[in-house]
Amino acid sequence: MAWHLSGLEDLGDEFSVSQGRGIVGPRTDFKVNVDFKAEKIGMTNKIIRLEVSDAENILGIVHAETIKVSVEVYDVNLSIDMPEGPDGSVEFGTINVFDNKKEVLSLKNKGLYDIEYSFKLTTGSSKKGDLKSHFTVRPQKGVLKASRPKASQPPVKVEILFHPMTEMLLKSKPILLCQVFDPQVGKGGETVATIPVRVSARAVYSKYSIEPASPIDFGLITKGTKKTQVLTVENKGALNFKFFIHQAPPLQSSQQEESAPSVKERTHSTQAQLTVGMFTVSPCSGSVGPWGKQNITVDCNAGAEGKCEEKLYIDISNRDPKDNPLGIPFTLTAESCFPALVEDITSIFEKYPIHSNVNLHQTLQSVQGNGVFIKDDNKFIFTKVVVGQRATARFKISNASRLPCDVVLSIKALPGEPHSLISNIFKLDPVEMRIPGLSHSFATVTFTPEQKEDYQCTFRASVVIPKR
């Protein structure tokens with residue numbers, strides 16, 4: 001039999017037919033394909049006619065069949081409303097590593113039929129590794145119902161969580177792909193659109209500096225006095241951080257140190273000051289803004305004589321966990337001393353002979369030079385001085401401590417006697433001296449007798465004790 005499709009010209013350019021006419025053999029089938037290419041939205045209803053005749057067309061049309069051709073063209077219309085940054089991306093800003101921040105996308109189906117969505121994380125054009133450890137999308141997939149004429153569907157909220165595990169920087173990167181499926185086409189639906197969502201995010205650790213560097217050495221300090229130094233903690237990052245100063249933790253195994261909690265997870269005392277040994281630190285907690293500074297006062301109150309060394313730790317919140325997990329250590333050292341003079345007579349009178357008062361007269365006659373020290377009487381005696389002539393003696397004043405000290409020297413009359421008796425007889429030079437630590441200086445006493453008699457006075461060397 002012969003067949004012919006009439007009315008094909010009315011279908012339009014969107015339709016195409018594999019064959020418009022032909023002959024079909026006895027008891028056989030023949031398939032004709034009609035293809036449609038959707039180019040504009042709307043409904044199309046057309047009529048074509050199948051006409052059948054004998055192969056030689058002797059009898060003309062012996063059978064006719066009317067065929068209705070209809071199609072609906074629709075568009076998948078997905079609207080994504082998001083909190084855009086200045087560059088059109090989802091802007092998370094700058095946060096600390098291990099913190100988290102959430103932004104919400106609003107998905108609305110503006111088409112005529114239900115669609116499905118699915119979000120996929122991709123590195124885009126950047127080499128950021130596995131972004132799943134830094135971002136979470138929930139719900140990751142779902143169905144968006146179409147709005148009906150009398151029942152508008154509310155938008156579906158999709159949360160994007162930024163929870164960085166390390167430092168990173170994204171600048172308007174299309175790391176998030178929204179895939180849209182048409183569930184009406186085929187099994188499992190057909191992907192009809194892929195919408196890239198650009199993301200901007202930055203994760204940082206706290207950046208800081210501590211000046212001066214450890215150790216802080218107060219050096220030698222006079223017992224009972226106070227010395228102050230200032231420690232400066234500076235924020236060199238883009239976010240606030242908190243600091244906490246605490247004493248050295250107890251000894252821990254290396255395994256415990258490796259698993260020590262981060263600063264963010266620890267709880268800290270908020271006491272205003274911390275005193276350990278001779279040192280008082282304040283404040284020992286606080287917050288420092290970006291590029292700000294915090295001065296920390298360290299007072300050393302010199303107590304018992306001797307060296308003092310204390311180790312403290314500074315915790316900076318949100319710093320790199322590999323950076324001193326127990327806290328940034330810094331050591332305080334000082335040595336408390338008390339100024340004192342050497343009282344050993346062999347040192348003080350090293351330039352003169354030292355004798356006992358046994359056979360004193362014989363000793364005075366036999367001694368060489370112009371002076372001798374009598375240890376039993378704690379007395380220095382000028383010997384063989386002629387009236388009117390001048391004799392000098394030099395006494396060694398030694399500093400027994402490592403601190404420099406100020407010494408006041410004096411010559412006075414014996415108790416109960418007027419100073420005028422000796423004012424022109426004995427002279428002292430100098431009356432004040434500063435002796436470096438573990439060093440010495442000499443005091444010169446001049447004796448000029450006016451007549452033949454015994455003259456006596458008291459020589460004293462006194463250390464000046466610094467005020468607190």
Side-chain angles (χ1 to χ4, degrees), residues 75-148 151-205 238-240 261-265 317-318 321:
D75 190 16
V76 174
N77 190 350
L78 171 62
S79 170
I80 301 179
D81 185 20
M82 60 184 182
E84 293 184 359
D87 56 0
S89 63
V90 179
E91 177 64 65
F92 285 93
T94 302
I95 67 172
N96 290 117
V97 178
F98 304 121
D99 272 356
N100 61 79
K101 189 175 181 181
K102 178 177 70 176
E103 295 293 350
V104 179
L105 307 183
S106 294
L107 275 56
K108 188 171 180 62
N109 182 1
K110 294 185 176 182
L112 298 175
Y113 298 95
D114 294 350
I115 58 175
E116 296 177 358
Y117 73 89
S118 177
F119 280 96
K120 178 183 178 182
L121 282 167
T122 175
T123 57
S125 59
S126 61
K127 298 179 180 179
K128 298 296 179 185
D130 183 14
L131 291 175
K132 292 181 181 179
S133 60
H134 307 295
F135 291 91
T136 299
V137 181
R138 59 190 187 194
Q140 187 263 334
K141 59 175 62 178
V143 176
L144 297 174
K145 295 290 185 180
S147 296
R148 304 293 182 248
S152 177
Q153 295 293 327
V156 172
K157 302 294 184 182
V158 176
E159 297 179 347
I160 305 176
L161 276 74
F162 180 40
H163 44 78
M165 303 303 291
T166 185
E167 288 192 314
M168 64 183 305
L169 175 63
L170 294 172
K171 287 188 177 181
S172 193
K173 296 294 183 182
I175 65 167
L176 197 59
L177 299 180
C178 180
Q179 295 176 305
V180 183
F181 301 92
D182 185 353
Q184 301 180 84
V185 181
K187 186 178 180 181
E190 177 184 343
T191 302
V192 295
T194 299
I195 304 171
V197 178
R198 293 183 172 273
V199 174
S200 294
R202 183 187 181 195
V204 296
Y205 289 119
L239 298 173
N240 283 16
S262 68
V263 175
K264 187 177 177 126
E265 296 169 338
S317 64
N318 298 302

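What's counted below: heavy atoms across the whole structure, side chains too, no hydrogens, waters or symmetry copies.
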Might you work through the side-chain contact (heavy atoms from CB on, under 4.5 Å) test for Leu131 and Met168, ending with a clear yes or no? CA-CA 11 Å; Leu131 291 175; Met168 64 183 305; 4.1 Å; yes

Less than 4.5 Å apart, side chain to side chain, heavy atoms only: is that true for [X] and [Y]?
X      : Y      : result
Phe135 : Leu170 : yes
Ile95  : Asn100 : no
Asp81  : Lys108 : no
Val180 : Thr191 : no
Leu105 : Cys178 : no

Sequence neighbours excluded, which residues qualify as side-chain contact (heavy atoms from CB on, under 4.5 Å) partners of Ala238?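 Checked Ala238 against side-chain contact (heavy atoms from CB on, under 4.5 Å); matches are Arg202.
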
Who pairs with Asn240 by side-chain contact (heavy atoms from CB on, under 4.5 Å), at least two apart in sequence or on another chain?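 Partners of Asn240 by the side-chain contact (heavy atoms from CB on, under 4.5 Å) criterion, ordered by chain and then number, come out as Ser287, Pro290.
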
Minimum heavy-atom separation for [X] to [Y], with atom names?
X      : Y      : result
Pro174 : Arg198 : CD-NH1, 3.5 Å
Asn109 : Leu144 : ND2-O, 3.0 Å
Phe98  : Pro321 : CE1-CG, 3.6 Å
Ser106 : Pro155 : CB-CB, 4.2 Å
Val97  : Met165 : CG1-C, 3.5 Å
Glu91  : Glu103 : O-OE2, 3.3 Å

Under the side-chain contact (heavy atoms from CB on, under 4.5 Å) criterion, do Asn96 and Ser317 qualify, and how do the steps go? CA-CA 10 Å; Asn96 290 117; Ser317 64; over 6 Å; no

All side-chain hydrogen bond (donor to acceptor under 3.5 Å, both in side chains) counterparts of Lys102, not counting sequence neighbours: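 Scan of Lys102 (side-chain hydrogen bond (donor to acceptor under 3.5 Å, both in side chains), adjacent residues dropped) gives Glu159.
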
Test side-chain hydrogen bond (donor to acceptor under 3.5 Å, both in side chains) applied to Gln153 - qualifying residues, sequence neighbours left out: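 Scan of Gln153 (side-chain hydrogen bond (donor to acceptor under 3.5 Å, both in side chains), adjacent residues dropped) gives none.
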
What verdict does the side-chain contact (heavy atoms from CB on, under 4.5 Å) test give for Ile160 and Phe92, after you've listed the backbone C-alpha separation in whole Å, the side-chain angles of each residue and the deciding distance to 0.1 Å? CA-CA 10 Å; Ile160 305 176; Phe92 285 93; 3.7 Å; yes

Quick check: does any side chain N or O of [X] sit under 3.5 Å from a backbone N or O of [Y], one acting as donor and the other as acceptor?
X      : Y      : answer
Lys110 : Asn77  : no
Thr194 : Gln179 : no
Glu167 : Tyr205 : yes

At what distance, to the nearest 0.5 angstrom, does [atom1] of [X] lie from [atom2] of [Y]?
X      : Y      : atom1 : atom2 : value
Ser79  : Ile195 : OG    : CD1   : 9.0 Å
Thr122 : Ile175 : OG1   : CD1   : 9.0 Å
Asp182 : Glu116 : CG    : CD    : 9.0 Å

What residues form a ring-ring contact (aromatic ring centres under 6.0 Å, His included) with Phe119, not counting sequence neighbours?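 Counting only residues at least two positions away or on another chain, Phe119 forms a ring-ring contact (aromatic ring centres under 6.0 Å, His included) with Tyr117.
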
Trace of the side-chain contact (heavy atoms from CB on, under 4.5 Å) decision for Val137 with Val158: CA-CA 7 Å; Val137 181; Val158 176; 3.6 Å; yes

Taking salt bridge (Lys or Arg N to Asp or Glu O under 4.0 Å) as the test, write out the residues that go with Lys145, two or more places apart.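 Salt bridge (Lys or Arg N to Asp or Glu O under 4.0 Å) check on Lys145 returns Asp114.
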
